[in-house]
2 protein chains.
Amino acid sequence: MTNQKTTRIPRMTLSRLPLYYRTLCNLADEGTRRIKSADLGTATQVEPTTIRRDFSYFGELGRSGYGYDVGHLIRIFGEILEVDEPQYLALVGVGNLGRALLKNNFRRNPNMAIVCAFDADPGVIGEEINQVIVQPMAELGATIASLQINTAISTVPSHSLQQVSAKLVDNGIRSILSFAPEPVILPEFVNMRYLDLTSEVLNLLLLSERGQAAVAK
Amino acid sequence: MTNQKTTRIPRMTLSRLPLYYRTLCNLADEGTRRIKSADLGTATQVEPTTIRRDFSYFGELGRSGYGYDVGHLIRIFGEILEVDEPQYLALVGVGNLGRALLKNNFRRNPNMAIVCAFDADPGVIGEEINQVIVQPMAELGATIASLQINTAISTVPSHSLQQVSAKLVDNGIRSILSFAPEPVILPEFVNMRYLDLTSEVLNLLLLSERGQAAVAK
DNA sequence: CACGAAATGTGACGAGTTTAACAAAACGGA
DNA sequence: TCCGTTTTGTTAAACTCGTCACATTTCGTG
């Protein structure tokens, strides 16, 4: 109890958990009961050794000469990912992308959903999309407080991102997924993640075409 | 000339270039002529040391006691990122997300654009979105061949991703950005990148809430 | 029950990446 | 021109992560 051997789980291992979880669920749906790291490797495109190492951080989940019990893995990872806990999200910015996210609304994940949306444009306020009514920014504080939301998705453009983010944090949001490319300066306890499509495409091109750029010294 | 010191640029450094480039452009727009790594660090949220190390791979770009010339950096990085070369993309899957991408169409990047779109649903084929007409899958090969496109964005659902990806590759696509969570098995020379929103949200939560998951040994 | 086959969990290594620390270089005011 | 200040570029060390290799464990058949 005192000597908690709280081995810190590597960041990269955590980032692969959603992939493992989803793949295992698919396998279970197809009736697969047991799996070995080699087969899970081909399904996830992750090296079998890496999979075994990843799994080992959560205990001895497998059996030598047998493999892993799919149901057991799903239970363990589901618990870590808290997939059973309802995860409600707020959306700020209901433009093209925001609207698409709202229409989709994590359909495949029964416990994850955008439950409120905000925008500054009077033209979209009041609009109902997929059972969510777009609210004005002024109501943001009251709504996310009453719904006890602490995670938000932002599709607001760069120029207002800093201001909007600050408002989100002031109202209790602790994790933000932003689709704007500009980094934002926020308190350390806020977890921010950026998903800039342009950067992603540029990176894709950069990493494929040229693995090197000659540097004459 | 013979002794090309082609220092291989680290992957992580390359992945930060778009961020540097964009931030520097913003600074230039505001009239900033020179910048030091410390200030660029606060703007990009990257450690100043890391910035200097990154820059050093491209030569001695700065001056001691002075900093970096913003315009010079923009020129260098713009060249590496080939921002002046037009980069045309194909889109497969014109659902909610695909439509949003098409409406946005990298408006802020004058040299990057989706120039053709494909879908299997007869309901959307023929529709014109932002000057792009949605074509049937059957025309994919001919169109991307004539436009000489080698990069695609896919928003097709998981169950058809493998098949669609294979078709893309058969027709000359070498880089794919996919919004479906399932990994795909493709030849090694294809560069694939996944952007699964559900995984991103789960990761966000995982990395923030609990930096550790106790493992009793 | 015994034994070969199968598959895990992990020590060790090495590649890749970040960071601290500092010498060298250039600035800019007096 | 001189000199203290500023800031770079880089060496060295720390850290993270992925993979090899293999001892160990368990399986499952005869």
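Only heavy atoms go into these numbers, but all of them, side chains included; no hydrogens, no water, no symmetry mates. We name chains A, B, ... by the order of the sequence lines, and we start the count at 1 in each one.
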Exercise. Run the numbers on Phe55(B) and Tyr20(B) for ring-ring contact (aromatic ring centres under 6.0 Å, His included), then give the verdict.
Key: CA-CA 10 Å; Phe55(B) 286 9; Tyr20(B) 294 147; 5.3 Å; yes
Quiz prompt | Derivation of the ring-ring contact (aromatic ring centres under 6.0 Å, His included) call for Phe58(B) and Phe77(B) | solution = CA-CA 9 Å; Phe58(B) 304 102; Phe77(B) 294 153; 5.8 Å; yes
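Separating the NZ atom of Lys36(B) from the P atom of dC27(C) is a distance of 15 Å, rounded to the nearest angstrom. Arg52(B) places its CZ atom 10 Å from the C1' atom of dA20(C), with the value rounded to the nearest Å. One atom, CG of Asp54(B), and another, C1' of dT19(C), lie 12 Å apart when rounded to the nearest Å. Following rounding to the nearest Å, Ile51(A) (CD1) and dG9(C) (P) show an atom-to-atom distance of 12 Å. Between the CZ atom of Arg8(B) and the P atom of dG16(C) there is a distance of 9 Å, rounded to whole Å. The nearest whole Å value for the distance from the CD atom in Gln45(A) to the P atom in dT19(D) is 13 Å. Distance Met12(B) CE to dG18(D) C1': 13 Å, rounded to the nearest Å. Rounded to whole angstrom, the span from the CG atom of Asp39(B) across to the C1' atom of dT6(D) amounts to 12 Å.
An OP1 or OP2 oxygen of dA25(C) is reached within less than 4.0 angstrom by no side-chain nitrogen or oxygen of Arg63(B). Distances shown here put every side-chain N or O of Arg53(B) at or beyond 4.0 Å from the OP1 or OP2 atom of dT18(C). Listed pair Tyr68(A) / dA6(C) fails the phosphate criterion, with no side-chain N or O lying under 4.0 Å from OP1 or OP2. Put simply, Ser64(A) has no side-chain N or O that comes within less than 4.0 Å of OP1 or OP2 on dG9(C).
Comparing Gly67(A) and Thr49(A) along DNA chain C, the residue whose closest nucleotide (by nearest heavy atom) sits nearer the 5' end is Gly67(A).
With hydrogens and angles left out, the side-chain atoms of Asn203(A) and Ser15(B) include no donor and acceptor closer than 3.5 Å. A donor-acceptor contact under 3.5 angstrom links the side chains of Asn26(A) and Glu182(B), judged on distance only.
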Validation: residues 64-75 of chain A side-chain donor-acceptor distances under 3.5 Å, sequence neighbours left out:
residue  : atom : partner  : partner atom : Å
Asp69(A) : OD2  : Gly71(A) : N            : 3.2
Asp69(A) : OD2  : His72(A) : N            : 2.9

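Note on Thr13(A): nothing from the nucleic acid sits closer than 4.0 angstrom, heavy atoms only. At the heavy-atom level, Phe55(B) lies nowhere under 4.0 Å from the strands shown.
Between Leu40(A) and Ile51(A) the shortest heavy-atom distance is C-CD1, 3.8 Å.
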Kindly give the atom pairs (protein nitrogen or oxygen, nucleotide nitrogen or oxygen) under 3.5 Å for nucleotides 28-30 of chain C.
residue : atom : partner  : partner atom : Å
dG28(C) : OP1  : Arg34(B) : NH1          : 3.1

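Between the side chain of Asn130(A) and the backbone N or O of Leu102(A) there is at least one donor-acceptor pair closer than 3.5 Å.
Listed candidates were dT8(D), dA7(C), dT18(C). Nearest to the side chain of Thr50(B) is dT18(C). Of the candidate nucleotides dC17(D), dT8(C), dT10(D), dC17(D) has the atom lying nearest to any side-chain atom of Arg11(A).
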